[in-house]
Protein chains: 2
Amino acid sequence: MADEKMPTIDQMLCFAVYSAGHAFTRFYKPRLDALDLTYPQYLAFLVLWERDDITVKHLGERLFLDSGTITPLIKRLEARGLVRRRRDEDDERQVRITLTEAGRALRAKAFAIPLAVIEGTGLTLEGGDALRAELIALRDRLDAALEV
Amino acid sequence: MADEKMPTIDQMLCFAVYSAGHAFTRFYKPRLDALDLTYPQYLAFLVLWERDDITVKHLGERLFLDSGTITPLIKRLEARGLVRRRRDEDDERQVRITLTEAGRALRAKAFAIPLAVIEGTGLTLEGGDALRAELIALRDRLDAALEV
DNA sequence: CATAATTAAATTGTACGCAATCAAATTTTA
DNA sequence: TAAAATTTGATTGCGTACAATTTAATTATG
């Protein structure tokens with residue numbers, strides 16, 4: 001005994017999540033190439049299109065990413081004239097991110113993407129919503145279990 | 001009209017998968033630090049512990065990763081004496097990966113991990129299995145929709 | 001109110017992840 | 001069987017991810 005306990009990789013939930021995530025990235029790739037965006041950059045824009053003039057910290061919290069990822073990502077977008085970065089006047093530790101006109105205009109070119117993705121998943125709206133809710137609950141439980 | 005169509009990031013299934021994947025990585029981190037493995041390295045070992053002496057291509061297919069990711073990952077493990085790489089004698093295009101004694105021994109130290117992770121998910125075995133099956137089906141539909 | 005503690009970003013270093021390209025080996029086919 | 005096509009893995013370059021450290025700014029505390 002003490003052997004034969006290790007699961008096969010295909011039996012593991014974590015790998016199903018991991019590989020499904022990569023599959024999404026692959027699926028998005030040709031659509032996002034048309035906007036010249038990577039998938040994480042697209043996520044950043046989804047947050048920024050929703051509400052502008054947010055801090056690096058706030059964006060990081062929405063995306064579950066830290067400044068080591070956000071800072072260079074936003075700097076690349078700034079270099080392309082899609083966003084602007086400036087220190088908050090009241091608290092200069094914070095950097096606020098705003099969209100430029102070009103960054104705002106990008107939104108129109110992204111309209112077709114969500115529907116194409118829903119189609120790609122082969123799920124109904126209800127099925128997709130249920131799966132999403134389960135994953136969010138799972139994510140939050142994993143993160144909660146970490147803070148001990 | 002033509003506006004108000006973009007979903008919030010929290011309404012998107014892809015982001016739920018993406019962020020749940022990162023949450024898994026975070027959760028694994030302290031457990032895998034004890035083995036001095038990253039999460040992708042751990043996945044590679046799961047495949048190799050299952051069956052040894054496989055090609056880079058085979059490992060890549062199991063993990064849904066290409067040679068640009070597999071090659072340096074395996075080379076790092078080789079540098080630490082955990083795996084060996086050698087050309088296949090019959091087809092020298094292929095590189096076969098085998099475990100060293102140290103690589104095989106690592107398996108014993110990993111036994112406790114799966115149970116801790118299941119606990120972290122807060123899911124029953126049945127609930128986890130159902131979620132896993134849905135994600136695998138989703139991944140395969142996304143990949144199938146890509147090959148047009 | 002001076003100093004300690006905290007907070008927000010940025011930076012550095014390591015490790016994925018993948019597209020594009022390349023080289024070598026094998027297989028096809030004309 | 002010689003040339004073309006394919007296959008396999010390695011390499012390069014770019015863009016995440018994240019831990020650890022650093023710097024600057026703000027807040028808490030004696």
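In what follows, every heavy atom counts, from backbone to side chain, and hydrogens, waters and symmetry copies are set aside. On a predicted model such as this, the values are computed, not experimentally measured, just so you know.
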Checklist entry - Just wondering, are more than 12 heavy atoms of other shown residues or ligands nearer than 6.0 Å to CZ in B/R26? => result yes
Checklist entry - Rounding to a whole Å, what distance do you find between B/Q41:CD and D/dC18:C1'? => result 14 Å
Checklist entry - Under 3.5 Å, side chain of A/T100 to main-chain N/O of A/L82, donor-acceptor pair present? => result yes
Checklist outcome for this item: When B/F64 and A/R87 are each assigned the nearest nucleotide of DNA chain C, the 5'-most assignment goes to A/R87
Checklist outcome for this item: From CD1 of B/I54 across to P of D/dT8 the rounded distance in Å is 14 Å
Checklist entry - Could you give the distance from CG (A/D140) to CZ (A/F64), rounded to the nearest 0.5 Å? => result 6.0 Å
Item to check | Between D/dA17 (C1') and A/L65 (CG): distance, integer Å | outcome: 7 Å
Checklist entry - Of B/R26 and A/D91, whose closest DNA chain D nucleotide lies nearer the 5' terminus? => result B/R26
Checklist entry - Can you tell which of C/dA15, D/dT8, C/dA9 lies closest to the side chain of B/Q94? => result D/dT8
Item to check | Donor-acceptor pair present, B/T71 side chain and D/dA10 base, under 3.5 Å | outcome: no
Next on the checklist: Below the 4.0 Å mark, does D/dT8 have OP1 or OP2 next to a side-chain nitrogen or oxygen of B/T55?
Outcome noted: no
Checklist entry - Does the side chain of A/K75 get closer than 4.0 angstrom to OP1 or OP2 of D/dT16 through an N or O atom? => result no
Checklist entry - Which part of the nucleic acid does A/D66 contact within heavy-atom distance under 4.0 Å: base, sugar-phosphate only, or nothing? => result base
Item to check | First encountered from the 5' end of DNA chain D, between A/T38 and B/R85 | outcome: B/R85
Item to check | Nearest-angstrom distance from the residue atom CD of A/E92 to P of C/dT7 | outcome: 19 Å
Checklist entry - Just how far, in rounded Å, is C1' of D/dT7 from CG of B/D88? => result 13 Å
Checklist entry - Within the structure shown, what part of the strands sits under 4.0 Å from A/T25 by heavy-atom distance: base, sugar-phosphate, or nothing? => result nothing
Checklist entry - What is the nucleic acid contact for A/I70, judged by heavy atoms within less than 4.0 Å: base, sugar-phosphate only, or nothing? => result nothing
Checklist entry - Which is true for A/D90 with a 4.0 Å heavy-atom rule: it touches a base, it touches only sugar-phosphate, or it touches nothing? => result sugar-phosphate
Checklist outcome for this item: Atom NE2 of B/H22 and atom P of D/dA19 are separated, to the nearest Å, by 11 Å
Checklist entry - Within the pair B/Y18 and D/dA17, is there a side-chain N or O less than 4.0 Å away from OP1 or OP2? => result yes
Checklist entry - Whole-Å distance between D/dT22 C1' and A/R93 CZ? => result 16 Å
Next on the checklist: Please verify the inter-ring angle class for A/W49 with A/Y42; under 30° counts as parallel, over 60° as perpendicular, anything in between as tilted.
Outcome noted: perpendicular
Checklist entry - Under 3.5 Å, side chain of A/T8 to main-chain N/O of A/Q11, donor-acceptor pair present? => result no
Checklist entry - When the distance from NZ of B/K57 to C1' of D/dT8 is rounded to whole Å, what number comes out? => result 8 Å
Checklist entry - More than 12 heavy atoms of other residues, nucleotides or ligands under 6.0 Å from CZ of A/R84: is that the case? => result no
Checklist outcome for this item: Winner on side-chain proximity to A/S67, out of D/dT16, C/dA15, C/dA9, is C/dA9
